[in-house]
Amino acid sequence: PPITIMVQPVTPGVHPLLFSSIHFVVFNIGDFLGRYMCSIKRLLIWSEKRLLAISLCRTLFIPLFLACNVQRNPLDAQDSPLINSDFLFMFILLVCGASNGYVSSLCMMSAPSLDHNPKLLGRKEDVDIAATVASFCLVGGLVIGSMASFGVRAAMCECNPFRD
C-alpha cells in the first residue's frame, strides 16, 4: 500500500481519491479470486519449495509498481512513467492481489495438513500447533509489513511519514 497509494492516475479527469478507492477494490477482488482459486483442485500446489518460490516471485511486483505513475513529491516535475496506463496498473494490482490470496491460502491450508506437510510426520496431535504457528506467522508478517510500510513511505517521498 505505501507504494501503490502513491500511484496517481495518468488519465486526465480521474480524481485521485476515486482512483485510490478503486485501487483498493481491485486489489481485494484479486485477493478474493486468488482465495477462490484454491478451491479448484487442479490449481493446488503442495510443494513447500514451489510455494516458497511463488512467494518470493511476488517481490517482482515492487519494480512493476515503481514503474507506474508514482508521485514521490508533488512539487517535483515528473517524467512520463514507464507504465503509462491506468488500466495496466489496475491489471498488475489485480494479479498482485490474486497472488496474495492464492499463496496465503495455500500456505494456511498446507501447514496443518497431515497429507501435505511432511514435517508433521503423521502426528495428529501436532495439527493444532501447526495451524496456530501458521496463524501466528501470518499475523506476524502483517505486523512487520505494516511497520516496514512507514520506512518504504519515508524512502519514497523523502519525508516523515508520521507528519506528512
Hey, can you tell me if His116 and Trp46 have their rings parallel, tilted or perpendicular (30° and 60° cut-offs)?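 Aromatic pair His116/Trp46 classed parallel.
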Gap between atom [atom2] of [Y] and atom [atom1] of [X] - 0.5 Å precision:
| X | Y | atom1 | atom2 | value |
| --- | --- | --- | --- | --- |
| Ile3 | Arg153 | CD1 | CZ | 11.0 Å |
| Cys68 | Met6 | SG | CE | 13.0 Å |
| Tyr102 | Ile40 | OH | CD1 | 9.5 Å |
| Ser99 | Leu60 | OG | CG | 10.0 Å |
| Thr4 | Ile62 | OG1 | CD1 | 11.0 Å |
| Leu93 | Leu64 | CG | CG | 11.5 Å |

Go through the steps for Val103 and Arg58 under the test side-chain contact (heavy atoms from CB on, under 4.5 Å), then give the verdict. CA-CA 10 Å; Val103 171; Arg58 293 188 69 242; 4.2 Å; yes
Transitively linked via ILVMFWY side-chain contacts under 4.5 Å: [X] with [Y]?
| X | Y | value |
| --- | --- | --- |
| Ile22 | Val70 | yes |
| Phe19 | Phe24 | yes |
| Leu18 | Ile29 | yes |

Sub-4.5 Å side-chain heavy-atom contact between [X] and [Y]:
| X | Y | value |
| --- | --- | --- |
| Phe61 | Ile92 | yes |
| Phe89 | Gln8 | no |
| Val25 | Ser21 | no |
| Phe27 | Asn100 | yes |

For [Y], is there any backbone N or O sitting under 3.5 Å from a side-chain donor or acceptor partner on [X]?
| X | Y | result |
| --- | --- | --- |
| Ser55 | Leu51 | no |
| Ser85 | Leu88 | yes |
| Asn117 | Ala111 | yes |
| Ser110 | Leu106 | yes |

CZ (Arg50) with more than 12 external heavy atoms under 6.0 Å: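 Open.
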Of all heavy-atom pairs between [X] and [Y], which one has the smallest distance, and what is that distance?
| X | Y | result |
| --- | --- | --- |
| Thr59 | Leu56 | OG1-O, 2.7 Å |
| Pro9 | Val14 | CG-O, 3.5 Å |
| Val26 | Met90 | CG1-O, 3.4 Å |
| Arg123 | Leu114 | O-CD2, 3.7 Å |

Can you name the residues that form a side-chain contact (heavy atoms from CB on, under 4.5 Å) with Ser105, not counting sequence neighbours?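 For Ser105 the side-chain contact (heavy atoms from CB on, under 4.5 Å) partners, ignoring immediate neighbours, are Arg35, Cys38.
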Determine the sole option in Leu120, Ile129, Val127 for which the side-chain contact (heavy atoms from CB on, under 4.5 Å) test with Pro112 is passed.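 When side-chain contact (heavy atoms from CB on, under 4.5 Å) is applied between Pro112 and each of Leu120, Ile129, Val127, only Val127 qualifies.
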